[in-house]
Amino acid sequence: MAFGPLELMIMSFPADRLNAGVLTTLDRLTRAGQLRIVDILVMRTDPAGQACTVELCDLPGLPADLAWARLATGLITATDLDEAARLVDRDNDALAVLLEHRWLNELAGRVAASEGTIVALTHIPGAPGHARMLTTTS
């Protein structure tokens with residue numbers, strides 16, 4: 001199955017605040033065909049202070065009907081997780097979501113059919129105080 005372009009989104013939450021609201025929104029966007037979740041993991045700090053990953057489906061109290069909660073494709077790599085670990089502190093969990101924007105997939109196909117290439121995507125988070133991040137596609 002072909003993917004792309006993909007985006008790795010890292011969200012940080014206090015350990016007890018990763019809740020159904022975020023996950024049901026991801027589920028609604030997935031069901032509406034706006035995005036596809038390709039891989040998803042929770043990263044937290046264990047009692048020894050080391051970063052570790054937890055399958056989303058292993059967290060208590062989350063909605064049982066999230067089909068993608070058991071998704072673990074391995075496409076989020078150890079290198080990705082190491083980089084994400086530097087973005088969060090030990091009091092927070094990180095939700096790492098590798099996703100495909102379905103509308104962008106269609107656009108990328110049209111660009112490729114015209115012998116073009118998307119050479120960069122710039123992601124500007126909506127929250128005040130967040131920096132601009134440039135992501136190249138090569």
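Atom set for the values below is all heavy atoms of this structure, side chains included, hydrogens, waters and symmetry mates excluded.
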A.B. asks: Please report the closest heavy-atom contact between Val97 and Met11, naming both atoms and the distance.
C.D. replies: CG2-CE, 3.6 Å
A.B. asks: How far does CD of Glu7 sit from CG of Leu35, to the nearest 0.5 angstrom?
C.D. replies: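 Here the interatomic distance stands at 10.0 Å.
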A.B. asks: Ignoring hydrogens, what is the shortest heavy-atom contact between Asp39 and Leu75? Give both atom names and the distance.
C.D. replies: OD2-N, 2.9 Å
A.B. asks: Is there a side-chain contact (heavy atoms from CB on, under 4.5 Å) between Arg44 and Cys52 once you walk through the steps?
C.D. replies: CA-CA 6 Å; Arg44 57 178 35 160; Cys52 64; 4.0 Å; yes
A.B. asks: Going by heavy atoms in the side chains, are Leu104 and Ile118 under 4.5 Å from each other?
C.D. replies: yes
A.B. asks: Before giving the answer on side-chain contact (heavy atoms from CB on, under 4.5 Å), spell out for Leu23 and Leu95 the whole-Å C-alpha distance, their side-chain angles and the decisive distance to 0.1 Å.
C.D. replies: CA-CA 10 Å; Leu23 300 176; Leu95 179 64; 4.1 Å; yes
A.B. asks: Determine whether Val42 and Thr53 satisfy the following criterion, side-chain contact (heavy atoms from CB on, under 4.5 Å), listing intermediate values before the conclusion.
C.D. replies: CA-CA 6 Å; Val42 175; Thr53 58; over 6 Å; no
A.B. asks: Output the distance between atom CG (Asp80) and atom CD1 (Ile10), rounded to the nearest 0.5 Å.
C.D. replies: 7.0 Å
A.B. asks: Work out which heavy atom in Ala96 is nearest to a heavy atom in Ile76; give both atom names and the distance.
C.D. replies: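 Answer, listing the atom of Ala96 first, then Ile76: O-CD1, 3.5 Å.
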A.B. asks: CG/Leu29 to CZ/Arg102 distance, rounded to the nearest 0.5 angstrom?
C.D. replies: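 Reported value, rounded in 0.5 Å steps: 12.5 Å.
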A.B. asks: Roughly how far, to the nearest 0.5 Å, is the CG atom of Leu26 from the CD1 atom of Ile40?
C.D. replies: 6.0 Å
A.B. asks: Atom CG in Leu99, atom CZ in Arg36: separation rounded to 0.5 Å?
C.D. replies: 11.0 Å
A.B. asks: Run Val38 and Leu6 through side-chain contact (heavy atoms from CB on, under 4.5 Å) and show every step you take.
C.D. replies: CA-CA 8 Å; Val38 177; Leu6 300 177; 3.8 Å; yes
A.B. asks: Look up atom CG in Leu41 and atom CG in Leu98, then write down how far apart they are to the nearest 0.5 Å.
C.D. replies: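 Here the interatomic distance stands at 10.0 Å.
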